[in-house]
Amino acid sequence: MTVTLEVADGVGTLRLDRPPMNALDVATQDRIKELAEEAAHRTDVRAVVVYGGEKVFAAGADIKEMRAMDHTAMILRARALQDSFTAVARIPKPVVAAVTGYALGGGCELALCADFRVAGDNAKLGQPEILLGLIPGAGGTQRLARLIGPSRAKDLIFTGRQVGADEALALGLVDRVVPAAEVYEQARAWAAALARGPALALRAAKESVDTGLETDLDTGLAVERNWFAGLFATEDRERGMRSFVEEGPGRAKFL
Ligand SMILES: CCCCCCCCCCCCC[C@H](O)CC(=O)SCCNC(=O)CCNC(=O)[C@H](O)C(C)(C)COP(=O)(O)OP(=O)(O)OC[C@H]1O[C@@H](n2cnc3c(N)ncnc32)[C@H](O)[C@@H]1OP(=O)(O)O
């Protein structure tokens with residue numbers, strides 16, 4: 001199976017394994033959607049790591065498969081492709097991408113669906129679709145511009161150039177750069193720390209920030225205030241405020 005979901009200690013690892021470069025064919029894209037939806041609903045999954053293995057995250061869509069496609073086939077396929085990646089972005093739990101080696105095209109677009117990206121010091125990211133006469137087709141034009149700004153996103157999309165880990169960190173495309181051998185370990189540790197947090201408050205925070213990026217300010221503020229008020233009904237809120245009052249500041253933190 002090219003994609004699996006392994007769950008341990010509250011962390012679900014969405015693992016791509018389609019040698020040699022984790023090229024994303026249709027079957028893999030569909031499987032990513034299925035497992036993202038499973039991770040979203042499983043109560044034993046409180047945070048997620050997306051991982052392609054020690055050597056490569058994903059080199060993008062399977063060009064050999066795409067080459068056989070005609071315009072009609074892609075018209076029929078394009079929405080399902082975006083939906084498979086949006087399923088990852090919509091997981092209502094913290095998601096950390098563990099980026100080893102190449103994350104190109106659809107691979108970079110998959111990493112953009114995570115909340116955070118930990119990159120190995122040898123990682124190379126980019127959207128090289130322009131070199132194929134295409135543009136990113138799995139959300140990259142939207143998510144990259146929202147993450148690093150429109151002009152930086154246009155630079156990467158117009159040129160198709162790859163950026164190394166240090167430049168990706170400077171751009172804000174990745175959040176942490178670690179030795180290549182430690183990528184999964186560090187990404188999982190981050191996810192595990194978040195998995196210890198108040199699940200509903202984390203869901204509220206993610207949905208409020210993400211919805212705000214997709215709508216007008218008034219709607220975003222409405223989402224925030226509804227969640228803020230709603231969280232007053234939770235046990236986590238009771239416990240958090242009780243521990244502050246009875247045990248002092250700092251007791252409530254979980255990270
Ligand atoms: C109804 C039917 C539908 C069917 C169609 C399905 C539609 C799917 C649509 C998905 C669209 C996603 C949207 C996305 O925006 C579009 C893309 O992602 S386009 C692809 C973008 N990626 C790239 O352009 C990267 C291409 N690869 C490279 O540049 C290089 O391989 C590399 C990653 C820089 C690594 O270089 P090297 O280290 O030199 O290694 P090789 O080049 O020799 O590669 C090793 C081996 O892997 C194969 N390979 C690498 N990348 C891909 C790929 N993207 N697709 C397929 N195969 C790939 C390469 O051919 C070699 O294979 P080998 O020769 O060993 O057999």
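All ligand and atom numbering here is 1-based and tracks the order in the structure. These numbers were taken from a predicted model, which means no experiment stands behind them.
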Out of all atoms in ligand 1, which are within 4.0 Å of some heavy atom of [X]? Include the element for each.
X      : result
Met74  : 7 (C), 9 (C)
Glu129 : 14 (C), 15 (O), 16 (C), 17 (C), 18 (O), 19 (S)
Pro136 : 15 (O)
Glu65  : 4 (C), 5 (C), 6 (C)
Ala23  : 53 (C), 55 (N), 56 (C)
Gly105 : 18 (O), 21 (C)
Glu109 : 13 (C), 14 (C), 15 (O)
Pro20  : 46 (C), 47 (O)

Does [X] approach ligand 1 within less than 4.0 angstrom via side chain, backbone, both or neither, non-hydrogen atoms only?
X      : value
Ala59  : both
Leu132 : side chain
Leu81  : side chain
Ala61  : both

No-hydrogen, no-angle side-chain donor-acceptor test under 3.5 Å, [X] and [Y]:
X      : Y      : result
Tyr184 : Thr13  : yes
Asp216 : Thr219 : yes
Arg143 : Thr86  : yes

Would you mind checking if [Y] and [X] are paired as a salt bridge, meaning a charged N to carboxylate O distance below 4.0 Å?
X      : Y      : value
Glu235 : Arg242 : yes
Arg161 : Glu167 : yes
Asp30  : Arg77  : yes
Asp210 : Arg90  : no

Protein contact for [atom] (heavy atom, distance under 4.0 Å):
atom                    : answer
atom 31 (O) of ligand 1 : no
atom 5 (C) of ligand 1  : yes
atom 42 (O) of ligand 1 : no
atom 19 (S) of ligand 1 : yes
atom 56 (C) of ligand 1 : yes
atom 65 (O) of ligand 1 : no
atom 39 (O) of ligand 1 : no

How far does [atom1] of [X] sit from [atom2] of [Y], to the nearest 0.5 angstrom?
X      : Y      : atom1 : atom2 : answer
His71  : Leu76  : NE2   : CG    : 9.5 Å
Trp227 : Lys206 : CH2   : NZ    : 12.5 Å
Gln127 : Cys108 : CD    : SG    : 4.5 Å

Can you confirm whether [X] sits close enough to [Y] that some side-chain heavy atom of one is under 4.5 Å from a side-chain heavy atom of the other?
X      : Y      : value
Pro198 : Thr234 : no
Val177 : Val118 : no
Val50  : Phe57  : yes
Leu147 : Leu173 : yes

Shortest protein contact, [atom] (heavy atom only):
atom                    : value
atom 7 (C) of ligand 1  : Met69 SD, 3.6 Å
atom 50 (C) of ligand 1 : Met21 CG, 3.7 Å
atom 26 (C) of ligand 1 : Ile63 CD1, 3.8 Å
atom 24 (O) of ligand 1 : Pro128 CG, 3.5 Å

Would you check whether Gln29 reaches within less than 4.0 Å of ligand 1, judged by its heavy atoms? yes
Nearest option to atom 33 (C) of ligand 1, as decided by whichever heavy atom of Leu104, Thr72, Ile130, Ile157 sits closest: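 The option holding the nearest heavy atom is Leu104.
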Measure from atom 62 (O) of ligand 1 to every heavy atom in Gln82, Lys64, Arg67, Lys55 and give the option owning the shortest one.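 Selected option, by shortest heavy-atom distance: Lys64.
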Check Gln82, Gln142, Glu129 against Glu109 for a side chain to side chain contact (heavy atoms under 4.5 Å, CB included) and give me the one that passes.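 Output: one option passes, namely Glu129.
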Going by the side chain to side chain contact (heavy atoms under 4.5 Å, CB included) test, name the single residue among Leu16, Asp62, Leu81 that passes it with Leu24.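 The option that passes is Leu16.
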Any N/O pair Gly137/ligand 1 closer than 3.5 Å: yes
